[in-house]
Number of protein chains: 4
Amino acid sequence: MVRKNEFITVAEELFLETGFENTSIDDIVKRMDVAKGLFYHYFDTKEDLLTAIVERLLDEIKSSIELAMEKKGLTAIERFKELTPSNSGISDRSKMIVSLFHKERNQAFHHLVEERASEFLIPAVERIIRQGVDEGIFQTKYPRETAIAWMTMLGSVGKSAPNEPTPEQLLQMNAARLELSERMLGAKPGTLDELLRRPFSGVSDKACQR
Amino acid sequence: MVRKNEFITVAEELFLETGFENTSIDDIVKRMDVAKGLFYHYFDTKEDLLTAIVERLLDEIKSSIELAMEKKGLTAIERFKELTPSNSGISDRSKMIVSLFHKERNQAFHHLVEERASEFLIPAVERIIRQGVDEGIFQTKYPRETAIAWMTMLGSVGKSAPNEPTPEQLLQMNAARLELSERMLGAKPGTLDELLRRPFSGVSDKACQR
Amino acid sequence: MVRKNEFITVAEELFLETGFENTSIDDIVKRMDVAKGLFYHYFDTKEDLLTAIVERLLDEIKSSIELAMEKKGLTAIERFKELTPSNSGISDRSKMIVSLFHKERNQAFHHLVEERASEFLIPAVERIIRQGVDEGIFQTKYPRETAIAWMTMLGSVGKSAPNEPTPEQLLQMNAARLELSERMLGAKPGTLDELLRRPFSGVSDKACQR
Amino acid sequence: MVRKNEFITVAEELFLETGFENTSIDDIVKRMDVAKGLFYHYFDTKEDLLTAIVERLLDEIKSSIELAMEKKGLTAIERFKELTPSNSGISDRSKMIVSLFHKERNQAFHHLVEERASEFLIPAVERIIRQGVDEGIFQTKYPRETAIAWMTMLGSVGKSAPNEPTPEQLLQMNAARLELSERMLGAKPGTLDELLRRPFSGVSDKACQR
DNA sequence: GATGAATGAGAATTCATTCAT
DNA sequence: TATGAATGAATTCTCATTCAT
């Protein structure tokens, strides 16, 4: 089981680096320094491995989301902060899920994850938006659509800057994200200040550049 | 030249259907019913073909964008309508470029197009936003970031509905797009009504479903 | 390792028979009756195989030359005899190296071997010539040039006779080789009698005919 | 006919540069800037072209050799000088024949030429050696074998020096060639001085280096 | 659990050659 | 003479997968 997980970990790295199609079983076993046969001891096909990666990733996201959503007595803003990777117990690796949302590097992987992750993340965001509407800090008639559009926006803004953005450009980008977030969620200016001070940044900016 | 274009057309179809990596030269020549050698009469490598596809696509987009941007005396809203595929003379095929913006089905293709298309589309959108700000109908301090975030949003909202959306869901989606657009651009409610009545829809919804 | 060596052996045969360019991987695996993939299990490219052949060949030559050169107390003539394939422990296959010296059947192979073999063989011959000069049986001011010219001559003379030489022609050739050798090395007539009685003959004549 | 000859000239260049196998018909027509079809208007196959090159080359050598051999009243030494490319009317291009003798760059070409050139060159050299023996300046019992060995030696000595030989090395090489030549032909020291002062050098040294 | 030899289908690419115009 | 589109077999190389040990 520990060995199987090692395969998943290494393959995840490689798939992310090079893409699913461009990573061969040979690449994987070479990096692990084991024989090729061992791979087929644990997995039936290459596709099978992809599924396993996604499954594990989703489990992590799912449970960390559930953890954040189950906490009692949080405001919508606090709950968002709870969802934010750096605050939540979400593992470092699965932070990448958000970045994957905008990674065009590889088909199969991205496709699968995006499809499945929406099942958890988007509904959670949608629920928090509804909560915020109830609390009166957000205002929108379309929480579902806003959820997905907002998540997407957070990633896309990072693409407006060059690969090596200057500090000023980073500030500008964050300010834009803040303004756009408040507008999309229908929040009063300043409401999201604290949430987006350095919001999703470790993730979205560096990761989304490429 | 006509034959070379046929290659580009057929390959574009196949790459979009199956992805670049999953389409073999054999697939292409089989669909065209020519010998494999003919492919290499016109192209040096498979990569070369991809470049040719993108080049042709970009030419179409570029010229249709230029056409729309050069018209005199248009308001920002009118200019957006001019950019809209259904209104402009842009060919049906190159409408797909917008959808490609959010198509993660295939790396190389998407990557190339996105990178290059941004050179034309995003700056054009940014310019129109600035014009709108000058005209007083839009209001934002971040036209650049808003341009990219807005374009992205238009595509992403389509993912909130299932593959075969009901008429009600389509209406809902459009309404959400309208509200989000007005908010992002800082426009008064109703301002974009006419623009987004059925706007970009042929493109983003069907095309983005996959 | 045994299988890899089998590849080297079979490829060596085929390359010598047909030439490097005219031998396909298919030819090799067909003669070995294995799958094509196995070839690439052991070698990265066809070029890689060529290198391996040459490497193995050179190792054999090198060690057999070193063996001959390290023996103590031999006269120059004795040392030449020691170098002679038929006398030394040099494997049958690598005898061909001398013949390769004049085999123009194929570029890459010949080129590589010639270039690398000179590093060992020519210097050894040069050293022995110098020793012979010291011993007073040879006489030349140009041991280096004589070494290479002599080696070349031994091979080239074989080409003076037709493909299927009569015994008389063989005798004539050997006599010519003897006279020319003694003249080139500056040795008294008869000095090399014993050395060239049947000298290098198995190699140069048959092998050089083609 | 002029066009056909152009093909032969260009192909000869390319075959010498890159080798027969590594030169494609495409390479040839591209350098001539004509259509591929034209090639097949003049030649049946690629092999056919090779034959034509060799034929033309041999015709040139043959006639220039015949010219040199038919002259009346020359001594052996004078006749050798007549054979020497720089002295004889042999065309610049066909000088290369001598160098080809030691060019390992390409199989088929070299093979063909060597085989056929021997028919003319070696017998001519042999005849001159016999004449020299009659004149008493040479002395050998094996004119035939000496002819081929001598021609080969002249080329091989060039390989004793590095690719960019110093003037001293060139002098040394020439001195070695002189000594070896006199010994092989059984000539008194100094006899060949004039002949080999700068003998075959333009050809053998530069050309044989590679 | 673990090894790595072995398979074989299929991919991209090359190239001599044909042929209608 | 001359063009260049078209062919298709051959070639190198890749890689997921199997299997005996």
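Naming: A, B, ... by sequence-line order, numbering from 1 per chain. In this text the structure is predicted, and so the values were computed from the model without any measurement.
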Just the rounded figure in Å: distance from [atom2] of [N] to [atom1] of [X].
| X | N | atom1 | atom2 | result |
| --- | --- | --- | --- | --- |
| B/Lys30 | F/dT7 | NZ | P | 15 Å |
| B/Met1 | F/dA5 | CE | P | 11 Å |
| D/Glu6 | F/dT1 | CD | C1' | 13 Å |
| C/Leu49 | F/dT12 | CG | P | 11 Å |

Under the 3.5 Å Watson-Crick or G-U criterion, the dot-bracket string of DNA chain F, with | for inter-strand pairs:
.||||||||||||||||||||
Between side-chain atoms of residues 28-38 of chain D and protein atoms elsewhere (two or more places apart, or another chain), which donor-acceptor pairs fall under 3.5 Å?
| from | atom 1 | to | atom 2 | distance (Å) |
| --- | --- | --- | --- | --- |
| D/Arg31 | NH1 | D/Glu13 | OE1 | 2.9 |
| D/Arg31 | NH1 | D/Glu17 | OE2 | 3.2 |
| D/Arg31 | NH2 | D/Glu17 | OE1 | 3.2 |
| D/Lys36 | NZ | D/Asp26 | OD1 | 2.8 |

So does [X] get a side-chain nitrogen or oxygen closer than 4.0 Å to the phosphate oxygens (OP1/OP2) of [N]?
| X | N | result |
| --- | --- | --- |
| C/Tyr42 | E/dG4 | no |
| C/His41 | E/dA5 | yes |
| A/Arg3 | E/dA2 | yes |

Nearest 0.5 Å, what's the CG-CG distance between C/Asp44 and C/Leu49?
11.5 Å
Applying side-chain hydrogen bond (donor to acceptor under 3.5 Å, both in side chains), name anything that partners C/Asp27, two or more places apart in sequence or on another chain.
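So C/Asp27 forms a side-chain hydrogen bond (donor to acceptor under 3.5 Å, both in side chains) with C/Ser24.
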Could I get the full list of ring pair (Phe, Tyr, Trp, His ring centres under 6.0 Å) partners for B/Phe39, not counting sequence neighbours?
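Per chain and number, B/Phe39 pairs via ring pair (Phe, Tyr, Trp, His ring centres under 6.0 Å) with B/Phe7, B/Phe43.
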Are B/Thr51 and B/Val54 side-chain neighbours, meaning at least one heavy-atom pair lies under 4.5 Å?
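B/Thr51 vs B/Val54: side chains apart.
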Less than 4.5 Å apart, any side-chain heavy atom of D/Arg56 and any of D/Glu12?
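In contact.
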Residues in side-chain contact (heavy atoms from CB on, under 4.5 Å) contact with [X], at least two apart in sequence or another chain:
| X | result |
| --- | --- |
| B/Tyr40 | B/Ile25 |
| A/Asp59 | none |
| C/Ser63 | none |

Just by protein heavy atoms under 4.0 Å, how would nucleotides 14-21 of chain E read 5' to 3' in B, S and -?
BBSBB---
Would you mind classifying the nucleic acid contact of C/Phe43 as base, sugar-phosphate or nothing, using non-hydrogen atoms under 4.0 angstrom?
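Here C/Phe43 touches no strand at all.
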Heavy-atom nearest nucleotide on DNA chain E taken for A/Asp33 and for C/Asp33; more 5' hit belongs to A/Asp33
